[in-house]
**Student:** 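Just passing along the structure, written as C-alpha cells.
Atom set for the values below is all heavy atoms of this structure, side chains included, hydrogens, waters and symmetry mates excluded.
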Amino acid sequence: MILTQELQVILFKPQGSIDLEGGKALSEQMAGIVPQAHQLWVIDLAEVNFMDSSGLVPLVKGLKAARQSGCRLVLCNVQAPVRLILELTQLDSVFEIFPTYEDIFTAGNNSLVLAA
C-alpha cells in the first residue's frame with residue numbers, strides 16, 4: 001500500500017510595515033485560518049520594508065499555533081530591515097528562513113516532511 005499526504009500550502013503576503021497596526025492585520029489574517037497537520041504556512045515578506053518589535057508578536061504566535069497543530073511555518077524573502085530585527089532578537093535561529101519562495105520547495109530541501 002502506498003500512502004501519500006498532500007502538503008497544503010497557506011501563503012501570507014503582508015505588505016508595507018509590520019508594526020502595531022500591520023501586526024494586528026497579520027494576526028487577524030492568520031487567526032482566520034485553523035492550522036491543521038500537514039499544512040505549510042509560508043509568510044512571504046518580500047513586500048515588507050519595516051518591522052518593529054510589535055510586529056514580531058503575530059509571527060511568534062503563528063509559529064506557536066502552527067507547531068501545536070503539527071503544521072510548519074516558514075519565512076521567505078526577508079528584506080534587510082526585517083532580517084535585522086529577527087537577528088537582534090535571535091528569532092532568526094527560531095524561524096526557518098528561505099531566500100525565496102521557490103527555495104522552500106527545492107529538491108535539496110527534503111525537510112518538508114512534517115514531524116507528527
Side-chain angles (χ1 to χ4, degrees):
M1 177 192 329
I2 297 174
L3 176 65
T4 58
Q5 173 66 47
E6 287 296 318
L7 191 65
Q8 182 184 4
V9 178
I10 309 295
L11 177 62
F12 299 95
K13 290 191 77 155
Q15 298 175 329
S17 298
I18 303 182
D19 49 14
L20 185 59
E21 187 175 317
K24 284 181 184 178
L26 180 58
S27 284
E28 289 171 6
Q29 190 179 29
M30 292 173 75
I33 305 210
V34 178
Q36 299 173 9
H38 304 291
Q39 281 181 337
L40 172 64
W41 284 20
V42 178
I43 302 178
D44 186 339
L45 298 171
E47 297 182 34
V48 174
N49 52 20
F50 175 80
M51 177 186 293
D52 63 14
S53 58
S54 60
L56 295 172
V57 173
L59 296 182
V60 173
K61 280 184 171 180
L63 182 62
K64 183 178 177 184
R67 286 183 174 170
Q68 287 175 341
S69 302
C71 74
R72 183 175 168 206
L73 183 144
V74 301
L75 308 178
C76 68
N77 292 314
V78 179
Q79 303 304 307
V82 176
R83 182 172 290 279
L84 180 62
I85 292 293
L86 293 172
E87 289 172 357
L88 288 172
T89 57
Q90 297 184 343
L91 288 172
D92 61 323
S93 63
V94 174
F95 287 96
E96 289 182 80
I97 302 174
F98 293 89
T100 68
Y101 181 79
E102 292 76 21
D103 287 333
I104 298 168
F105 306 99
T106 57
N109 185 12
N110 292 330
S111 62
L112 281 177
V113 177
L114 300 168

**Student:** For the hydrophobic clusters of this structure (ILVMFWY residues joined by side-chain heavy atoms under 4.5 Å, transitively), does one cluster hold both L91 and I18?
**Tutor:**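 Yes, because L91 and I18 connect within a single hydrophobic cluster, where side-chain heavy atoms sit under 4.5 Å apart.
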**Student:** Distance check, rounded to the nearest 0.5 Å: M30 atom CE versus K61 atom NZ?
**Tutor:** 10.5 Å
**Student:** Do L26 and V82 belong to the same hydrophobic cluster, where Ile, Leu, Val, Met, Phe, Trp and Tyr are linked whenever their side-chain heavy atoms lie under 4.5 Å apart, directly or via other members?
**Tutor:** yes
**Student:** Check whether F98 and F105 end up in the same hydrophobic cluster, where Ile, Leu, Val, Met, Phe, Trp and Tyr are linked by side-chain heavy atoms less than 4.5 Å apart.
**Tutor:** yes
**Student:** For L20 and K24, run side chain to side chain contact (heavy atoms under 4.5 Å, CB included): C-alpha distance rounded to whole Å, both residues' side-chain angles, the deciding distance at 0.1 Å, then the answer.
**Tutor:** CA-CA 6 Å; L20 185 59; K24 284 181 184 178; 4.3 Å; yes
**Student:** According to a hydrophobic-cluster definition based on side-chain heavy atoms being under 4.5 Å apart (Ile, Leu, Val, Met, Phe, Trp, Tyr only), do V74 and L63 belong together?
**Tutor:**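 Cluster IDs for V74 and L63 differ.
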**Student:** How far does NE2 of H38 sit from CZ of R72, to the nearest 0.5 angstrom?
**Tutor:** 13.5 Å
**Student:** Does a side-chain heavy-atom distance below 4.5 Å link Q90 with V94?
**Tutor:**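 Side-chain contact under 4.5 Å: no.
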**Student:** Examine distances only and state if a side-chain atom of T89 and a backbone atom of L86 form a donor-acceptor pair shorter than 3.5 Å.
**Tutor:** yes
**Student:** For Q79, look at atom CD and say whether over 12 heavy atoms of other residues, nucleotides or ligands are found less than 6.0 Å away.
**Tutor:**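 Atom CD in Q79 is packed in, count exceeds 12.
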**Student:** Is there a side-chain contact between K64 and V60, using heavy atoms and a 4.5 Å cut-off?
**Tutor:**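 Side chain of K64 against side chain of V60, heavy atoms only: no contact under 4.5 Å found.
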**Student:** Of the non-hydrogen atoms in P35 and S69, which two are nearest, and what is the gap between them?
**Tutor:** CG-OG, 3.4 Å
**Student:** Examine L73 and L56 and state if one hydrophobic cluster contains both, with Ile, Leu, Val, Met, Phe, Trp and Tyr joined whenever side-chain heavy atoms are less than 4.5 Å apart.
**Tutor:**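 As far as the 4.5 Å side-chain criterion goes, L56 and L73 are connected within one cluster.
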**Student:** Could you measure the distance from the SG atom of C76 to the CG atom of L11? Nearest 0.5 Å is fine.
**Tutor:**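 Reported value, rounded in 0.5 Å steps: 7.0 Å.
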**Student:** Does any part of the side chain of L75, heavy atoms only, come nearer than 4.5 Å to the side chain of L59, both counted from C-beta?
**Tutor:** yes
**Student:** Name each donor-acceptor pair under 3.5 Å that joins a side chain in residues 40-50 to protein atoms two or more places apart or in another chain, with its distance.
**Tutor:**
from	atom 1	to	atom 2	distance (Å)
W41	NE1	Q39	OE1	3.0
D44	OD1	A46	N	3.0
D44	OD1	N77	ND2	2.9
D44	OD2	N77	ND2	3.3
E47	OE1	Q15	NE2	2.8

**Student:** Provide the closest heavy-atom pair for P58 versus S54 in the form atom of the first, atom of the second, distance.
**Tutor:**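 Minimum heavy-atom contact is CD-O, 3.6 Å.
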